[in-house]
Amino acid sequence: QVQLVESGGDSVQAGGSLRLSCAASGVTYSDYCMGWLRQAPGKEREKVAIIETLSSPTYADSVKGRFTISLDDAKNTLYLQMDSLKPEDTAVYYCAAGRKGLYAFRWTCPPHLGYRGQGTQVTVAS
């Protein structure tokens, strides 16, 4: 059973930094893609960053150069380092996981990561 528990959300000033953590269980990293999603009030949920073994992480254009996703296999923990935070980064951030499969003739991440945690609130004040 996949379980994901986020922590690290907080309120910060614009330009500040936060690091989110996600304790994962029931996931074999060679078989799963891991990532962070976010949802701001009144907006649709969006992918922030995705990581899978043997591939470079991918990021939403809005966070490239500011956010870094990483995975510590030994600690079964996924991280999201967020620097140079902006008010538009305010959202509930969700840790997510999805089993790899065959999509468009490639063994890769599914279009939607089906497992999600409860979320952690990040608020960036201007």
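Index from 1, following the sequence.
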What side-chain donor-acceptor pairs closer than 3.5 Å can you find for residues 95-110, not counting sequence neighbours?
from: Arg99; atom 1: NH2; to: Tyr32; atom 2: OH; distance (Å): 3.3
from: Lys100; atom 1: NZ; to: Glu52; atom 2: OE1; distance (Å): 3.4
from: Lys100; atom 1: NZ; to: Thr53; atom 2: OG1; distance (Å): 3.3

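Put simply, the side chain of Asp31 never gets that close to the backbone of Thr28: no donor and acceptor are under 3.5 Å apart. Under a 3.5 Å cut-off, the side chain of Glu6 and the backbone N or O of Gln118 do form a donor-acceptor pair.
For the pair Lys43 and Glu88, the minimum side-chain heavy-atom distance is 4.5 Å or more. Taking 4.5 Å as the limit, every side-chain heavy atom of Ser25 sits out of range of all side-chain heavy atoms of Asn76.
Distance CG/Leu78 to OG/Ser21: 8.5 Å, rounded to 0.5 Å. Between the OH atom of Tyr93 and the CE atom of Met82 there is a distance of 5.5 Å, given to the nearest 0.5 Å. In this structure, CG in Leu85 is found 6.0 Å from OG in Ser17, a value given to the nearest 0.5 Å. In this structure, the separation between OG1 on Thr68 and CZ on Arg66 is 11.0 Å, given to the nearest 0.5 Å. Between the CZ atom in Arg19 and the CG atom in Asp83 there is a gap of 11.5 Å [rounded to 0.5 Å].
Nearest approach of Ser70 to Ile51, heavy atoms of both residues: CA-CD1, 4.1 Å. Closest approach of Thr90 to Ala40, counting heavy atoms only: O-CB, 3.5 Å. Pairing each heavy atom of Ile50 with each of Gly35, the nearest pair is CD1-CA, 4.0 Å. Leu4 approaches Ala24 most closely through the heavy-atom pair CD2-CB, 3.7 Å.
The residues Lys86 and Asp89 are annotated as not salt-bridged, no charged nitrogen and carboxylate oxygen being separated by less than 4.0 angstrom.
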Can you list the steps and then say if Leu37 with Glu46 is a side chain to side chain contact (heavy atoms under 4.5 Å, CB included)? CA-CA 6 Å; Leu37 316 175; Glu46 65 171 337; over 6 Å; no

Walk me through whether Ile69 and Tyr79 qualify under side chain to side chain contact (heavy atoms under 4.5 Å, CB included). CA-CA 6 Å; Ile69 188 172; Tyr79 299 100; over 6 Å; no

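For the residue pair Asp72 / Thr77, no side-chain donor-acceptor distance below 3.5 Å is found, with atom types taken as modelled.
Both Leu71 and Leu20 are part of a single hydrophobic cluster, where members link through side-chain heavy atoms under 4.5 Å apart. Put simply, Met34 and Leu113 are part of two different groups of oily side chains (I, L, V, M, F, W, Y) that touch within less than 4.5 Å, one to the next.
Partners of Tyr94 under the side chain to side chain donor-acceptor pair (under 3.5 Å) rule, at least two apart in sequence or in another chain, do not exist in this structure. In this view, Thr123 and Gln121 satisfy the side chain to side chain donor-acceptor pair (under 3.5 Å) rule, not counting sequence neighbours.
Within a 6.0 Å radius of OH in Tyr59, other residues, nucleotides and ligands contribute more than 12 heavy atoms.
Tested against Arg38 for a side chain to side chain contact (heavy atoms under 4.5 Å, CB included), the candidates Val48, Leu80, Val92 yield a single pass: Val48.
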